[in-house]
Amino acid sequence: MSAPPCIVLGLETQIGLSLVRELGAAGVRVIGITQDPQAIGLASRYLHEGIVVPEARSPALLAAIRAVGERYGPCKLMAVAEVNLNWLMRERSQLGQVEALLPAPAALATVLDKQATLAAAQAVGIAVPQSIEPLPGDDLAALAARCPLPAVLKWKDPNAVAPLLAKQGLDLLKAEYVYTQDELLAALRRYAPLGAWPLVQEYCAGYGLGQFFYMHEGQALRRFQHRRVAEWPPEGGFSSVCDAVPLSEHRELQAKSIALLRAIGWQGVAMVEYRYDPASGRAVLMEINGRFWGSYPLALYAGAGFALLSYQVAHGVPYAAEPPLNTRLRCRMVATELKRLLRIWLQPDKIIDRSFQRRPWAELLRFLADFLRPNVRYYVWSWRDPQPFLRDLRNLLRRG
């Protein structure tokens, strides 16, 4: 009997594409479901079947998932986006013969609530940024006077607040930087009609350090870590260029990350993200992403595949111990790098973090030199599977 197939929900980005490639290359029949008929994952040679359901998180999507189970029998589902994880958590009893790979509800709730995450981190000895959460009835002027500056404003649960912001005609800002009490007070007053405010966190210097784990019954069955070399937007966001970091580095921090995930009862894949200051050696927790992460292609190239491990554990079949990793690799997303260069060279006024050091020539030289380095890989491009890149290029030209 052939191995059960696996559903991947979300083929629009390099994350879903990487899951398809990893599972498909291992001989797993991958059934991909996407909203977008032009999704890059649909073009992969490793995809067994692609299904397009335009209505996200809808009865039509539920019906499509159930139909896969009816055709193929019992199978597992991996989701890429947090909004889909939340939706699947609510609808998990309606999936028929399909089982979504999900963490425990209480663990997911903790991860999606930044304040709860920070409290759990402090309990296991992880440094966290000083944070203040404004509440209804607070004197905003008095609160602004005691907040650390400079500060970064972040919503503790962006997915939950997004529809509320939209009703007020306000944009969801992943991070907003303020430098003076007047700037902070103006930002807080903007959200007064909403009756809810983002967390106000101290600004933490350094670069992004991501540690990645697959947790099963309290144990980390697989680990990986990377350093962010470049981000979009430039002052901080997601990795447009990242380097693998040997597991021999940051061992104590890895142990604390595992202790944190164990403490909240996490099962499955997770990214524990820090801001690491090499000058002081201080690592400060930013958040936990309880899902496959944006730079996942780097982990896959380095030999630390997590999707196949997830599939094997879910089916109770033997899995390999931690494999040897190639930690000399760099991975990049060229299209996002081009946007970054445009911002740094031509739109510096749009860089909202005033402490960001613009080095236009150094950025350009690094961008060009990376094309010549043999240890560089790409988020989308693959010699073995070129069609997703060509589709991505075509999509970019259409949008342009």
Side-chain angles (χ1 to χ4, degrees), residues 6-20 22-23 30-36 39 41 51 53 55-66 68-69 75-117 120 154-164 172 174 210-216 222 238 260-261 264-273 286-296 299 306-311 313-314:
C6 183
I7 301 171
V8 173
L9 177 58
L11 305 180
E12 300 84 6
T13 69
Q14 75 278 1
I15 309 172
L17 172 62
S18 295
L19 302 188
V20 170
E22 180 183 355
L23 293 167
V30 183
I31 316 300
I33 303 180
T34 177
Q35 287 180 257
D36 183 2
I51 300 170
V53 182
E55 303 87 3
R57 298 173 292 284
S58 65
L61 180 54
L62 273 178
I65 293 171
R66 285 196 299 265
V68 173
C75 55
K76 310 300 181 183
L77 180 150
M78 299 181 190
V80 171
E82 284 178 348
V83 290
N84 284 334
L85 289 174
N86 272 331
W87 176 75
L88 289 165
M89 188 70 77
R90 295 193 302 270
E91 304 290 348
R92 59 190 181 278
S93 64
Q94 306 298 317
L95 302 179
Q97 297 192 72
V98 175
E99 179 190 359
L101 301 186
L102 298 168
L108 182 60
T110 298
V111 163
L112 293 177
D113 185 331
K114 285 186 171 59
Q115 281 287 67
T117 299
K154 299 178 181 178
W155 293 99
K156 70 175 186 177
D157 188 348
N159 294 318
V161 79
L164 303 177
L172 173 62
K174 182 175 180 179
Q211 296 187 328
F212 315 99
F213 305 93
Y214 181 85
M215 298 295 296
H216 180 63
R222 190 148 299 166
F238 64 87
L260 170 59
L261 295 172
I264 65 176
W266 191 260
Q267 293 272 98
V269 296
M271 169 189 182
V272 185
E273 182 181 348
M286 295 289 102
E287 62 182 349
I288 299 174
N289 286 318
R291 55 174 173 78
F292 293 96
W293 46 95
S295 64
Y296 186 71
F306 288 75
L308 182 60
L309 176 62
S310 302
Y311 174 89
V313 172

**Fill in**
Heavy-atom nearest pair, Met271 first then Phe212, reads CG-CE2, 3.3 Å
**Asked** Can you find a heavy atom in the side chain of Leu95 that is under 4.5 Å from one in the side chain of Leu77?
**Response** no
**Request:** For residues Val269 and Ser310, report the shortest heavy-atom separation together with the two atoms involved.
**Result:** CG1-OG, 3.9 Å
**Asked** Going by heavy atoms in the side chains, are Leu108 and Leu102 under 4.5 Å from each other?
**Response** no
**Asked** Can you name the residues that form a ring-ring contact (aromatic ring centres under 6.0 Å, His included) with Phe213, not counting sequence neighbours?
**Response** none
**Complete:** Between Met78 and Ala307, the two heavy atoms sitting closest are CE-O, 3.2 Å
**Asked** For Glu91, which residues count as a salt bridge (Lys or Arg N to Asp or Glu O under 4.0 Å) partner, sequence neighbours excluded?
**Response** none
**Message:** Just verifying a value: how many Å separate Leu88 CG and Gln94 CD, rounded to the nearest 0.5 Å?
**Reply:** 12.0 Å
**Item:** For Val111 against Gly290, the heavy-atom pair lying closest together
**Value:** CG1-N, 3.8 Å
**Asked** Is Glu12 reaching over with its side chain to a backbone N or O of Gln35, donor-acceptor style, under 3.5 angstrom?
**Response** yes
**Item:** Ile31 vs Ile7 side-chain heavy atoms within contact, under 4.5 Å
**Value:** yes
**Asked** Is Asn289 close to Glu82 at the side-chain level, that is, under 4.5 Å between some pair of heavy atoms?
**Response** yes
**Asked** Is a donor on one side and an acceptor on the other found under 3.5 Å between the side chain of Glu22 and the backbone of Leu308?
**Response** yes
**Prompt:** Which pair of heavy atoms, one from Val80 and one from Gly10, lies closest together, and at what distance?
**Reply:** CG2-O, 3.4 Å
**Message:** Rounded at 0.5 Å granularity, tell me how far CG in Asn159 sits from CG in Leu172.
**Reply:** 8.5 Å
**Request:** Would you mind reporting whether Leu62 and Trp87 have side-chain heavy atoms less than 4.5 Å apart?
**Result:** yes
**Item:** Rounded distance (nearest 0.5 Å) linking atom CG of Leu19 with atom CZ of Phe292
**Value:** 5.0 Å
**Asked** Would a distance-only check, ignoring hydrogens and angles, find a side-chain to backbone donor-acceptor pair under 3.5 Å from Glu55 to Ala60?
**Response** no
**Asked** Is the side chain of Arg291 donor-acceptor paired with the backbone N or O of Ala79 at a distance under 3.5 Å, no angle test?
**Response** no
**Request:** Hey, could you give me the CD1/CD1 distance between Ile51 and Ile33, rounded to the nearest 0.5 Å?
**Result:** 4.5 Å
**Donor-acceptor pair, side chain of Thr117 and main chain of Thr110, under 3.5 angstrom** = yes
**Prompt:** Using the ring of each side chain (for Trp, its six-membered ring), is Trp293 parallel, tilted or perpendicular to Phe306, with breaks at 30° and 60°?
**Reply:** perpendicular
**Fill in**
Of all heavy-atom pairs linking Ala270 and Ile288, the shortest is CB-CG2, 4.4 Å
**Prompt:** Taking side chain as C-beta onward, heavy atoms only, is Leu112 less than 4.5 Å from Leu85?
**Reply:** no
**Request:** Please examine the side chains of Lys154 and Glu287, heavy atoms only from C-beta on, and report whether any two atoms are closer than 4.5 Å.
**Result:** no
**Prompt:** Under 3.5 Å, side chain of Gln97 to main-chain N/O of Cys75, donor-acceptor pair present?
**Reply:** no
